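Shown next, in structure tokens, is the structure this report addresses.
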There are 2 protein chains.
Amino acid sequence: MAPRTCSMANALEVVGERWSLLALREVFFGNTRFDQIAANTGASRDVLAARLKKLVAAGVLEKRPYSDHPPRHEYHLTEAGRALHNVMLLLKEWGDAYVTEGPLPLVWEHSCGHVLQPRVVCASCGEEATPESLTPAPIPAAS
Amino acid sequence: MAPRTCSMANALEVVGERWSLLALREVFFGNTRFDQIAANTGASRDVLAARLKKLVAAGVLEKRPYSDHPPRHEYHLTEAGRALHNVMLLLKEWGDAYVTEGPLPLVWEHSCGHVLQPRVVCASCGEEATPESLTPAPIPAAS
DNA sequence: TACGGTGAGTTGGAAATTCAAACTCAGGAG
DNA sequence: CTCCTGAGTTTGAATTTCCAACTCACCGTA
């Protein structure tokens, strides 16, 4: 049987390899340079170079020069890259809840003044999107 | 420099390897047996066996016997496993938006009757959790 | 002009992982 | 008996990863 076609699998093709999401985390934190990303993630330089190249090719990051004459550049998030924010947020939340031991390394405060506890809700009704609340909709048939 | 300590990285240690999230997807879909998971993900059997073992050890899945005499078992989600639902939902959503080409392989309908468009919101105020709406809170200091 | 330093990678070889296919093992089914 | 199923193991080759060292372009400085 052929493996299931699935957008989650497609997403993982792009950002699912080791180091990719950690590199993106660093860019979110404003560490946009190769050496910063390497140091903060712990990825080896060759693998990191490959991952960054792939993320740029996939349109998740873009390479932006910040100096011409020593030719230097930083990595910046594209719209697609920025859209990964909530994925990373929830992954962190899950790690907080089920993996990390001892004090949490990072806690986000929302602009409302409370510590952020993320919830995933339906944009239409505002109710939480639990596994039980979802059913597969008829797919838009292919030709 | 030591790599950043980070709950997202911890989460990825547990579920970030190739095939792990795809295996969990299958269990969410009710395909709880080894051969089903192998067929629907496309993972090779040895790697899949290793991943399932790790997920069980990490408390994300549990092995539950469904027959004693030919000793057989299925994999079931633990609470930690069920909590990954929203991570997978958002990853799928990102794949839908930025990777998958052509018709979407799967669309969820929420119990309110609308096609699900997931939003991540702050549990306290209900407003969306955007990158700009978050600031790092002072960490609970370690000893 | 020579010397060292920085940013952003490449290169090389050993070590670890993955892949696919074949094999095992326990227990029915015909 | 012999074949089949479920749930993995085993095997050997092909890939990837790891780490350290190297490169290359340029700048500062002495």
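Chain A is the first sequence line, chain B the second, and so forth, proteins listed ahead of strands; every chain is numbered from 1. Just so we're clear, the structure is a prediction, and the values are computed from it rather than from any experiment.
- For the pair B:Asp68 CG and C:dG27 P, the interatomic distance rounds to 11 Å; values are reported in whole Å.
- The interatomic distance linking B:Arg72 (CZ) with D:dC4 (C1') rounds to 10 Å, in whole Å.
- A close approach under 4.0 Å does occur between a side-chain nitrogen or oxygen of A:Tyr66 and OP1 or OP2 of C:dA8.
- Between B:Glu74 and B:Lys63 there is no salt bridge, since no side-chain N of the basic residue sits under 4.0 Å from a carboxylate O of the acidic one.
- Nearest to the side-chain atoms of B:Asp46 among the listed nucleotides D:dG6, D:dT10, D:dC18 stands D:dT10.
- One atom, CG of B:Leu48, and another, C1' of C:dA20, lie 14 Å apart when rounded to the nearest Å.
- Nearest-nucleotide positions on DNA chain D place A:Trp19 closer to the 5' end than the other of A:Trp19 and A:Arg45.
- Nucleotide D:dT9 holds its C1' atom 14 Å from the CG atom of B:Leu52, rounded to whole Å.
- In terms of position along DNA chain D, the nucleotide closest to B:Lys63 lies nearer the 5' end than the nucleotide closest to the other residue of the pair B:Lys63 and A:Glu17.
- Regarding B:Arg64, its CZ atom lies at a distance of 20 Å from the P atom of D:dG6, rounded to whole Å.
- Distance CZ (A:Arg51) to P (D:dT16): 10 Å, rounded to an integer number of Å.
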Inset, instruction - Could you check A:Arg18 against B:Glu17 for salt bridge (Lys or Arg N to Asp or Glu O under 4.0 Å), going step by step and ending with a plain yes or no? - result: CA-CA 7 Å; A:Arg18 200 171 177 205; B:Glu17 287 168 305; over 6 Å; no
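- Annotation: B:Glu128, atom CD; neighbour count of heavy atoms from other residues, nucleotides and ligands within 6.0 Å is above 12.
- Rounded to whole angstrom, the span from the NZ atom of B:Lys53 across to the P atom of D:dA7 amounts to 14 Å.
- Distance NE2 (A:His73) to C1' (C:dA8): 6 Å, rounded to an integer number of Å.
- Contact between the side-chain N/O atoms of B:Arg18 and the OP1/OP2 oxygens of C:dC19 is found at a separation under 4.0 Å.
- Distance alone, capped at 3.5 Å, is enough to place a donor-acceptor pair between the A:Gln36 side chain and the A:Arg33 backbone.
- Nearest nucleotide to the side chain of B:Val47, out of C:dT18, D:dT9, D:dA25: C:dT18.
- Taking the six-membered ring for Trp, B:Phe28 and B:His85 have ring centres closer than 6.0 Å.
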